[in-house]
Number of protein chains: 2
Amino acid sequence: MSKMHKEHTLTKNQQIIFDLIDKSPEPMKAYSILFSVQKKGINAPLQVYRALDKLVEIGKIHKIESRNAFIACHNSSCQVAKATAFSICEICEKVTEISSTGLSKYLTNFKDKDGMKYSKYNLEFFGSCKKCTPK
Amino acid sequence: MSKMHKEHTLTKNQQIIFDLIDKSPEPMKAYSILFSVQKKGINAPLQVYRALDKLVEIGKIHKIESRNAFIACHNSSCQVAKATAFSICEICEKVTEISSTGLSKYLTNFKDKDGMKYSKYNLEFFGSCKKCTPK
DNA sequence: ATATTAATGTTATATTATTACACAATGTTA
DNA sequence: TAACATTGTGTAATAATATAACATTAATAT
Ligand SMILES: [Zn+2]
Ligand SMILES: [Zn+2]
Ligand SMILES: [Zn+2]
Ligand SMILES: [Zn+2]
C-alpha cells in the first residue's frame, strides 16, 4: 500500500455514519444522522460528532459550513481534503462538489498582499441550479 | 444620493451592534455581542440576530461561516457583499478580508461544468499569519 | 388617512456542538 | 508478553448558536 494514499480503516461508528452520508443525495445534518443511526446503537450526539470529525479529518466527508451539513467526498476520496469547493443552489439546496483543476490551481497558488501562504481553503458558490433556473 | 450606492440609515439597534463590531479587532460572536450591548437595552438573542441579518444583507458586515462570527466590512463598504474572501489564521484566529481584484474577477467569472452561474460566493483561506509563522 | 412594510420587545424553544469522566480497544515498544 | 501510549467508545450533562410565534410600534408609500 502506497504511503501517498493511506487507507484509513474506519471503525464501526465511523463506517455506519460514512455509509449513511455516502448514500444520501443531499448533505446531512448531525442530528438527522443521529436520528437515522439510533437503530444501530449510536445514541448520543457526541458519538456522531466524533465520527464526523474523524471523517472530515481524513477527507472522506466535507462540512458545508454555510449549512452545518456534511457530504461525502466524490473527488476520488479527495487528495484535496484541504482544498474544497462547492456549488449550492439556494432554491433546492442541492450541493455539488466542484472538481476543477484550474480553480484548485488558482486558489492553491493564491497569495494575498501580506504574503501569507495558505494551507487550506473552502469555497462555497451560491446560485440557482440548472433545474431551478427558469428558462 | 446615487441609486448605485444607497445609504442605509441604520436603526438604533443596528447602529449599536454595527459600531461594536466595527470597533472590534476580531470577529465577534452573536452571544458575545449580546453580552456587550445589554447595558444599552438590547436584551434578547433575537434582537441581535435580527440586526446581524440586516447588516449582513446590506453588506456592512460579513459572517465568517467557519467561525460563526461577524466582522465589519472594510472594503469601502463592500460593493461586493456577495463576493467575499477571508484569510484566517488557525493559530491566533486573526481574520482579514481579502481585497483582490484578480481573485474576485476570477471567481465571479468562474463557471462549473454544469454551466451554473453563481450570484454569490464565500471563500475562506486558512493558514498561519505572518506573526504566527515561525521564521 | 390608510395601507403596507420594516423593526422592535418578549418569551419560549429548537438546533448545533462540547465538556467531563469512566472505560475498552488498538497499536507500539521494551 | 508486559507496559505504555493512543485512539475510540458510552453516557450524562451542559454550552453555544439560532429560530418560531406573537403582540406592538415606527417608518414609508399611496
Ligand atoms: Zn472532496
Ligand atoms: Zn436547485
Ligand atoms: Zn466586505
Ligand atoms: Zn496568527
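Just so it is clear, the values below take in all heavy atoms, side chains as well, and ignore hydrogens, waters and symmetry mates. Chain letters run A, B, ... following the sequence lines, proteins first and then strands; every chain starts at 1.
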Let me know the distance between [atom1] of [X] and [atom2] of [N], rounded to the nearest Å.
X       : N      : atom1 : atom2 : value
A/Ile64 : C/dT16 : CD1   : P     : 14 Å
B/Leu10 : C/dT8  : CG    : P     : 10 Å
A/Glu65 : D/dT17 : CD    : C1'   : 14 Å
B/Ile33 : D/dA18 : CD1   : P     : 10 Å
A/Arg67 : D/dA18 : CZ    : P     : 13 Å
B/Asp53 : C/dA6  : CG    : P     : 14 Å
B/Tyr49 : C/dT15 : OH    : P     : 15 Å
B/Asn13 : C/dA6  : CG    : C1'   : 13 Å

[X] vs [N]: side-chain N/O to OP1/OP2 distance below 4.0 Å:
X       : N      : value
B/Lys12 : C/dT8  : no
B/Asn43 : C/dG9  : no
A/Gln47 : D/dG10 : yes
A/Lys63 : C/dT16 : no
B/Tyr31 : D/dA16 : no
A/Asn68 : C/dT15 : no

Here's a test of your reading of the structure: between B/Thr11 and B/Pro45, which maps to the more 5' nucleotide of DNA chain C?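 Result: B/Thr11.
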Heavy-atom pair with the smallest gap, counting every atom of [X] and [Y]:
X        : Y        : value
A/Gln14  : A/Thr9   : OE1-O, 4.4 Å
B/Thr133 : B/Ser128 : OG1-OG, 2.8 Å
A/Leu10  : A/Lys60  : CD1-CE, 4.3 Å
B/Glu65  : B/Asn122 : CG-ND2, 4.0 Å

Which comes earlier along DNA chain D counting from the 5' end, the contact point of B/Leu46 or that of A/Ile42, where each point is its nearest nucleotide? A/Ile42
5' precedence on DNA chain D between B/Arg50 and B/Phe70 (nearest-nucleotide basis):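 The residue whose closest nucleotide sits nearer the 5' end is B/Phe70.
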Does some side-chain heavy atom of B/Phe86 sit less than 4.5 Å from a side-chain heavy atom of B/His62?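 Sidechains of B/Phe86 and B/His62: in contact.
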Among side-chain atoms of B/Gln38 and B/Asn43, is any donor-acceptor pair under 3.5 angstrom?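 No, no side-chain donor-acceptor contact under 3.5 Å.
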Regarding B/Asn75 and B/Glu97, do their side chains bring together a donor and an acceptor under 3.5 Å, going by distance alone?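 Yes, because at least one side-chain N or O of B/Asn75 sits under 3.5 Å from a partner of the opposite role on B/Glu97.
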Nearest of C/dG9, D/dT11, C/dA7 to any side-chain atom of B/Lys54?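 From the listed options, C/dA7 comes nearest.
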Which one, D/dT11, D/dT17, D/dT19, comes nearest to the side chain of B/Lys29?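 Closest nucleotide to the B/Lys29 side chain: D/dT17.
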Reading nucleotides 25-30 of chain D from 5' to 3' and marking B where a protein heavy atom lies under 4.0 Å of the base, S where only the sugar-phosphate is that close, and - otherwise, the string is ------
Mind checking who D/dA13 pairs with, Watson-Crick or G-U wobble, both distances under 3.5 Å? C/dT18
Counting the benzene-type ring for Trp, do A/Phe125 and B/Phe110 have ring centres under 6.0 Å apart? yes
